[in-house]
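Below is one structure, written out as structure tokens; comments come after it.
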Amino acid sequence: MGSVSSLTLMAGAAMAQDQSAAEVGDVVVTGIRGGAPRTAIESPTPIDVFNAEQLSQGAQTGVFESIRYLVPSFNLPTRAGGGSATVIATGSLRGLNPDQTLVLVNGKRRHRTALINSVSTLYNGSVGVDLNMLPSSAISRVEVLRDGAAAQYGSDAVAGVINVILNKSAEGGQISVSHGQNFDRQDGKFVNVDADIGFALGENGFANLSYSYMDRGASNRAVPIADSVRLYPLVNGQPDPREKTIDRLVTTNYGQMPQESNVFGLNAEYRLNPDVELYGFGTYGKRVSDLNWTFRPATDVLALPEIAPDGFRAQTVIKDEDYELVGGARGTLHGWDWDLSTSYGTNISDWENNSFNASLGPSSPRHFYIGQLRSAEWVNALDVTRGFELDNAGDLQVSFGLQHRRENYQIKQGDEASWIQGTYVRPVGQPGAGQILAPGSQSTPGFRPEDEADVSRNNYSVYGELGWNPNERLYLGAAVRYENFDDSAGDTTIYKLSGRYEFNDWFAVRASYNTGFRAPSLAQQAYSATTSQLRDVVGNGILVPLLLKNLQVNSPEAIALGAKPLTPELSKNLSAGFTLTPWRNFALTLDAYQIDVDDRIAVTSTFSPLDTRLSADGVTTIGKQIQNILVANGLSPEISGQYYTNAIDTRTRGVDLVVTYKLPTDSYGLFDFSLGYNHNKTEITGIVANPPQLAALGNIELFDRSKRAALTESLPKSKVSANANWSLGRVSANLRATRFDSFVTRNATNPAQDRNIDAEWIVDAQVNYDLNEQVRLSTGVNNLFNKYPTQVDAPSAALGTNQYSGLAPFGFTGGSWFVRVAYKW
């Protein structure tokens, strides 16, 4: 874990700190604009700082995966749910959603991913930033501000800010290759390649190029299904002989999905003259993710024997293309430091499917183009700052700025065959004879014409910020920001107050209060798609397949179920703490916080035709009433629905403790110890009443028990991270122990199906040996003692799965080993 840190993001030319400064005393560039360089311990708000070496410990497969073990208040479930949540990393600070943390690169806002967590258990509806589309080799350090900062940086910074600082090396380079796999079943094989090289641009500039490659194989922890489960239809009333020879390990996707990515980066600066500097940086990445679905046996009515006589596994392939380019100039004019920049970033996600459309019969295509999601952001900004020396009143830093952001979100339809309802009827003698079959490609029907969307909006903001040091011991800060969106998000004014006071050279207190907001993403307003999900609809613990459609908020079917236009989430954030540095090489920070968020956007309960409860009319079921509404608006009678809405108020309280200590010795080498602890609790303080449309149907919960628990109980209540580094001569080592606290998952309707997952310690170890000044060999293990989460159920007889919770932050595939060789010049 990095030493105790705090972020200070500076505007204008003052935003560019020397690389050497960042390596001495953890000088940071996030949290306060302008002024003299500050170390992390001197910040009025809590910050963590991690360098490239710390991020690479354990041979993690992405930036998010590294932060999981470094930041105590950061949670990253290995598998947050179904759908795209199985292939993109989705993490959060302080128990809030991923899109309530703002991500910056070199101090500039990073664009969002096009993928929305539409069917996940945790963070459903969130549209975060995909940090794994940054080359890890490009990163010099990461600064994590654990405090609300929307007034300083804009929408989304409710829980905090992650600022990635890119490598500024003007010479030399390095390349490393890592390989490893899981202990059990020898699966999950991965290869990572990271490289970067720096060049001087004359005497006044540099360019740094970087590249990262990742190839991760699949892992699977399913077990063979029960012998009593039939995989083939009966033959003359008797079991098919093939039942005795078929491989009964039918589920192959109960673990991590395979993925391959190539990501490139560029960071460059050039000084035109003493007063003006040009800069630019950018990334480009391509990633292919396989989303493998549950096995459908030959007994399934959709498993056409002409195509799949032995059953089949549908596969969705998600191809992401991501790029961002930032350019600007900064300098000094009449004593004012200024920074003028423009950036454009986009994420394009193309979906393909390998299966068939059973409603088209045996002539169905076997490959489908499902459609495309595209998210783009164009940001133009001017930041200005200047320091003033006041007569007998200390120093005053004055900052202000303007920003324009243009956002666009698109959904493009898939092949007609991927969603169309065919007329094929199963013939006599087959299962489901005479039955019209469900439409669309299996597991992931294509985006329909009515799902298509092309929505845009503009955001205009202006901010002002003051930082005042009336004397050497006291700092006071204030910021105010006005933002205006030209859609239903509207406008708002927010502010932040912060302060720090040093009682002496080794003890200081700090506090902040801020208001914030997060505008609903365009994806939350426009996303519409249908996927196949396994859900426990009636609360008996039995999962049944559903065609689940995410309904556009403004669609007729969503409005008929009570949907309203989305509005911003509003927050109030109070933080207070202290810092201790009683002797050299030791630091301790303790910060308590309370975050109130009103009108949080969440996904509703599932409105399903399979709901067997009696409706308000006393005759029909609630499911039948829902089916009538959806069918009346043109949807298939098999479809279940859900939508996003502002309906929940929450209060999150917690505490962060970070301790670091460096111990240099003459004979035994250098020891570097750190301890991080976070305790976090969220409670729901209000839920909106059911809209009249739902109240008229009967006893329906807008947000059921499982949805409420996902916000309050299904994250570890606390996390401890203890880290020890040691180096002596050519040998160095790292030992890390992380304790993830217990958590609870709840069934939507039946408390008997709730599950408790116990706390667990995960130990990682790594040893390095330097052959010479250029070559380092490393080997290590992640999850040294091969720990698995609590087994919450016996494996499903029909699938051989569901014995573990997919929300466990350390996964359910056990331990792994890795080796790495690195060469630098």
Side-chain angles (χ1 to χ4, degrees), residues 5-12 14-15 28-35 38 40 42-47 73 93-94 96 100-104 107 109 143-163 381 383-385 395-403 459 461-470 474-484 491-501 508-519 568-577 589 591-598 651-654 656:
S5 40
S6 75
L7 297 172
T8 53
L9 187 100
M10 301 159 50
M15 192 178 268
V28 290
V29 293
T30 313
I32 300 176
R33 288 182 162 89
R38 288 177 180 266
E42 296 170 333
S43 170
T45 48
I47 296 177
S73 60
L93 283 172
R94 290 185 164 179
L96 299 183
Q100 291 168 324
T101 296
L102 179 63
V103 175
L104 309 172
R109 176 184 285 266
E143 304 178 346
V144 181
L145 170 62
R146 294 179 275 111
D147 190 49
Q152 296 172 286
Y153 306 122
S155 176
D156 303 345
V158 173
V161 177
I162 296 176
N163 189 16
D383 299 292
V384 181
T385 188
D395 301 324
L396 178 68
Q397 192 75 24
V398 178
S399 306
F400 62 89
L402 308 168
Q403 187 181 96
N459 164 256
S461 63
V462 57
Y463 74 86
E465 185 172 343
L466 299 175
W468 182 34
N469 285 102
L474 178 64
Y475 171 84
L476 298 172
V480 62
R481 189 181 196 95
Y482 171 77
E483 295 223 11
N484 182 281
D491 64 340
T492 188
T493 300
I494 52 179
Y495 64 91
K496 179 173 184 175
L497 302 173
S498 61
R500 182 178 185 271
Y501 182 73
V509 295
R510 60 191 182 189
S512 71
Y513 178 80
N514 61 81
T515 60
F517 78 108
R518 188 194 72 82
E569 301 170 340
L570 303 176
S571 67
K572 297 177 182 178
N573 191 319
L574 175 64
S575 176
T589 67
D591 295 276
Y593 56 88
Q594 175 178 293
I595 308 171
D596 291 313
V597 185
D598 293 338
R651 168 168 288 177
T652 300
R653 287 175 170 167
D656 286 326

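A heavy-atom distance below 4.5 Å is found between the side chains of F517 and S155. A heavy-atom distance below 4.5 Å is found between the side chains of D656 and R146. At least one side-chain heavy atom of I32 sits under 4.5 Å from a side-chain heavy atom of P44. Using a 4.5 Å cut-off on side-chain heavy atoms (C-beta onward), L466 and V398 make contact. Contact of the D147 side chain with the N514 side chain is registered, since non-hydrogen atoms from C-beta on lie closer than 4.5 Å. Inter-residue side-chain proximity for T101 and V161 is flagged as unmet; no heavy-atom pair is nearer than 4.5 Å. Counting heavy atoms from C-beta outward, R33 and Q397 have side chains that stay 4.5 Å or more apart. Looking at heavy atoms from C-beta onward, N459 lies in side-chain contact with E483 at the 4.5 angstrom threshold.
Residues satisfying the ring-ring contact (aromatic ring centres under 6.0 Å, His included) criterion with Y501, sequence neighbours excluded, are F503. Listed by chain and number, the residues in a salt bridge (Lys or Arg N to Asp or Glu O under 4.0 Å) with R500 are E502 (sequence neighbours excluded). A search for salt bridge (Lys or Arg N to Asp or Glu O under 4.0 Å) contacts involving D156 returns R109, R112, not counting sequence neighbours.
When atom types are taken as modelled, the side chain of Y153 and the backbone of V103 share no donor-acceptor pair closer than 3.5 angstrom. No donor-acceptor pair closer than 3.5 Å links the side chain of S571 to the backbone N or O of D596.
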Practice task
Give the intermediate values and the outcome of side-chain contact (heavy atoms from CB on, under 4.5 Å) for residues L474 and N469.
Solution key: CA-CA 6 Å; L474 178 64; N469 285 102; over 6 Å; no
Practice task
For R518 and Q100, run side-chain hydrogen bond (donor to acceptor under 3.5 Å, both in side chains): C-alpha distance rounded to whole Å, both residues' side-chain angles, the deciding distance at 0.1 Å, then the answer.
Solution key: CA-CA 7 Å; R518 188 194 72 82; Q100 291 168 324; over 6 Å; no
Exercise for the section: Kindly determine whether Q403 and R481 satisfy side-chain contact (heavy atoms from CB on, under 4.5 Å), including the steps that lead there. Expected result: CA-CA 11 Å; Q403 187 181 96; R481 189 181 196 95; 4.2 Å; yes
Practice task
Assess whether side-chain contact (heavy atoms from CB on, under 4.5 Å) is satisfied between V597 and T652, documenting all intermediate values.
Solution key: CA-CA 8 Å; V597 185; T652 300; over 6 Å; no
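Contact between A479 and E465 at its shortest, heavy atoms only, is CB-CG, 3.9 Å. For the pair Y463 and V384, the tightest heavy-atom approach, listed with the atom from each and the gap, is OH-N, 4.5 Å. Closest approach of P46 and D591 over heavy atoms only: CB-OD2, 3.5 Å. What you find for L93 and L145 is that their closest heavy atoms are CD1-O, 4.2 Å. For D395 against W468, the heavy-atom pair with the smallest separation is O-CD1, 3.1 Å.
The distance from the CG atom of N163 to the CD atom of E143 is 5.5 Å, given to the nearest 0.5 Å. Note: N573 CG to S512 OG = 6.0 Å, rounded to the nearest 0.5 Å. Note: I595 CD1 to L574 CG = 10.0 Å, rounded to the nearest 0.5 Å.
With a 6.0 Å cutoff to the six-membered ring centre and a 45° limit on the axis angle, R94 counts as a cation-pi contact of Y593. R38 forms a cation-pi arrangement with Y475, by the criterion of a distance under 6.0 Å to the ring centre and an angle within 45° of the ring axis.
Between the side chains of T385 and S399, at least one donor N or O sits under 3.5 Å from an acceptor N or O.
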